[in-house]
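Every value quoted in this text rests on a predicted model; they were computed, and no experiment measured them. Because only heavy atoms are used, hydrogens play no part in the values below, and waters and symmetry mates are left out as well, while side chains stay in.
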Amino acid sequence: MEITIPIDFEQMKEVKVELTRFIMSYKFALHEVMTKINILKEEFQYIHDYNPIEHVKSRLKSPESILNKVYRKGYELSLDSIRENIRDIAGVRITCSFVSDIYEISRMIQNQKDVKLIECKDYIKNPKPNGYQSLHLIIQIPIFMSDREEQMYVEIQIRTIAMDFWASLEHKIYYKYDQDVPRHLKQELKEAALQAAQLDLKMEKIQKEMKEIKRRNSEKSAHQLVIDSEMLQIPEELFKAALNDTNRKGSI
């Protein structure tokens with residue numbers, strides 16, 4: 001004989017609202033972080049004439065993924081426990097050109113007044129055994145609902161194009177072999193990660209040299225004017241005279 005349990009529809013409605021708020025709060029946290037990143041990206045472009053960010057992706061863990069992680073980690077099955085223990089429900093991945101960009105982006109994000117750094121894992125200075133490299137930040141930011149303010153965790157991963165390329169292929173290979181990757185392929189993957197790191201170092205060196213060339217060229221062009229497609233060399237004395245006039249006007 002089948003036993004039916006009476007359902008309190010009002011209670012079900014309240015639970016549904018609470019679950020909706022739970023998921024949406026992480027979505028709003030992602031919006032906040034993405035807005036901050038886009039502002040920093042534009043500001044950097046205007047001020048430095050250079051954009052350190054190549055790509056930005058965001059994602060929310062599905063309810064199934066959240067539940068699987070709760071069981072895998074042995075956490076208490078409650079919303080409060082999930083909020084506190086699972087800190088990568090909202091995730092952002094930033095891909096940039098150079099390793100130095102990674103730390104610059106990290107610094108800019110952490111300098112935001114309402115951003116609190118909870119945890120930093122530097123897998124660039126200390127790669128994982130499989131060769132994985134990336135900078136992982138867990139931050140906490142406020143979001144403002146209609147009746148409350150909540151502090152939300154967001155995970156930010158920052159890596160170079162080479163690191164992202166390697167990580168993407170490594171994930172596909174592990175998925176194809178259902179995590180049981182042959183030993184020789186694991187070794188080749190690690191060697192590929194080291195080669196990607198060497199590529200990053202080489203490209204960083206080239207970029208620094210190019211910046212130095214650009215700086216020297218800028219210094220040379222400071223005493224040059226282009227009038228009707230004709231390059232005019234400005235004598236040092238005339239340049240100083242114009243500079244003095246500019247300073248006097250600026251002090252009025």
Cluster link Tyr153 to Val115, ILVMFWY, side chain under 4.5 Å: no
Six-ring centre of Tyr132, Lys121 cation under 6.0 angstrom, axis tolerance 45°: no
N-O pairing of Arg87 and Glu84 below 4.0 Å: yes
Heavy-atom side-chain contact between Phe165 and Leu169 under 4.5 Å: yes
Distance in Å, Asp122 CG paired with His136 NE2, rounded so as to fall on 0.5 Å steps: 10.0 Å
Point-to-point distance, once rounded to the nearest 0.5 Å, from CG of Asn51 to NZ of Lys41: 5.0 Å
Option from Asp101, Ile105, Val99 for which side chain to side chain contact (heavy atoms under 4.5 Å, CB included) with Tyr103 holds: Val99
4.5 Å side-chain heavy-atom contact, Glu150 and Phe28: no
Same cluster (ILVMFWY, side-chain, under 4.5 Å), Phe144 and Ile141: no
Cluster link Met34 to Ile138, ILVMFWY, side chain under 4.5 Å: no
Where Val154 and Ala29 come nearest, the two heavy atoms and their spacing: CG2-CB, 3.8 Å
4.5 Å side-chain heavy-atom contact, Leu77 and Leu67: yes
Distance, nearest 0.5 Å, that separates CD of Gln198 from CD of Gln195: 9.0 Å
Trace of the side-chain hydrogen bond (donor to acceptor under 3.5 Å, both in side chains) decision for Glu54 with Ser97: CA-CA 7 Å; Glu54 294 286 341; Ser97 301; 2.5 Å; yes
Parallel, tilted or perpendicular: ring planes of Tyr26 versus Phe22, cut at 30 and 60 degrees: perpendicular
Test side-chain contact (heavy atoms from CB on, under 4.5 Å) applied to Arg59 and Glu155, step by step: CA-CA 10 Å; Arg59 66 103 182 96; Glu155 181 190 54; 4.1 Å; yes
Least distance between heavy atoms, Ile86 atom then Ile66 atom: CD1-O, 3.8 Å
Sub-4.5 Å side-chain heavy-atom contact between Asp200 and Gln133: no
CA sep, side-chain torsions, deciding dist, call: Met163, Ile124, side-chain contact (heavy atoms from CB on, under 4.5 Å): CA-CA 10 Å; Met163 294 175 191; Ile124 300 170; 3.9 Å; yes
Distance in Å, Leu137 CG paired with Ile109 CD1, rounded so as to fall on 0.5 Å steps: 6.5 Å
With Asn68 via side-chain hydrogen bond (donor to acceptor under 3.5 Å, both in side chains) - residues at least two apart: none
Ser106 side chain to Ile102 backbone, donor-acceptor under 3.5 Å: no
Pair Arg21 + Asp147: basic N to acidic O under 4.0 Å: yes
Closest contact, heavy atoms only, Cys96 versus Pro52: CB-O, 2.8 Å
CA sep, side-chain torsions, deciding dist, call: Leu201, Glu204, side-chain contact (heavy atoms from CB on, under 4.5 Å): CA-CA 5 Å; Leu201 289 174; Glu204 185 91 36; 5.6 Å; no
Validation row: Glu18, Leu79 side chains within 4.5 angstrom (heavy atoms): yes
Partners meeting side-chain hydrogen bond (donor to acceptor under 3.5 Å, both in side chains) with Asp114 (sequence neighbours left out): Lys36
Val33 with Leu60, same ILVMFWY side-chain cluster at under 4.5 Å: yes
With sequence neighbours excluded, residues passing side-chain contact (heavy atoms from CB on, under 4.5 Å) with Ile39: Thr35
Pairwise distance NE2(His55) to CG(Asp164) - rounded to 0.5 angstrom: 8.0 Å
Residue pair Ile143, Met145: steps toward the side-chain contact (heavy atoms from CB on, under 4.5 Å) verdict: CA-CA 7 Å; Ile143 62 164; Met145 312 285 276; 3.9 Å; yes
ILVMFWY network linking Ile161 to Tyr123, side-chain heavy atoms under 4.5 angstrom: no
Main-chain N/O of Ile158 paired to Ser134 side chain as donor or acceptor, under 3.5 Å: yes
Spacing of OG1 belonging to Thr160 relative to CG belonging to Leu135, to within rounding of 0.5 Å: 11.5 Å
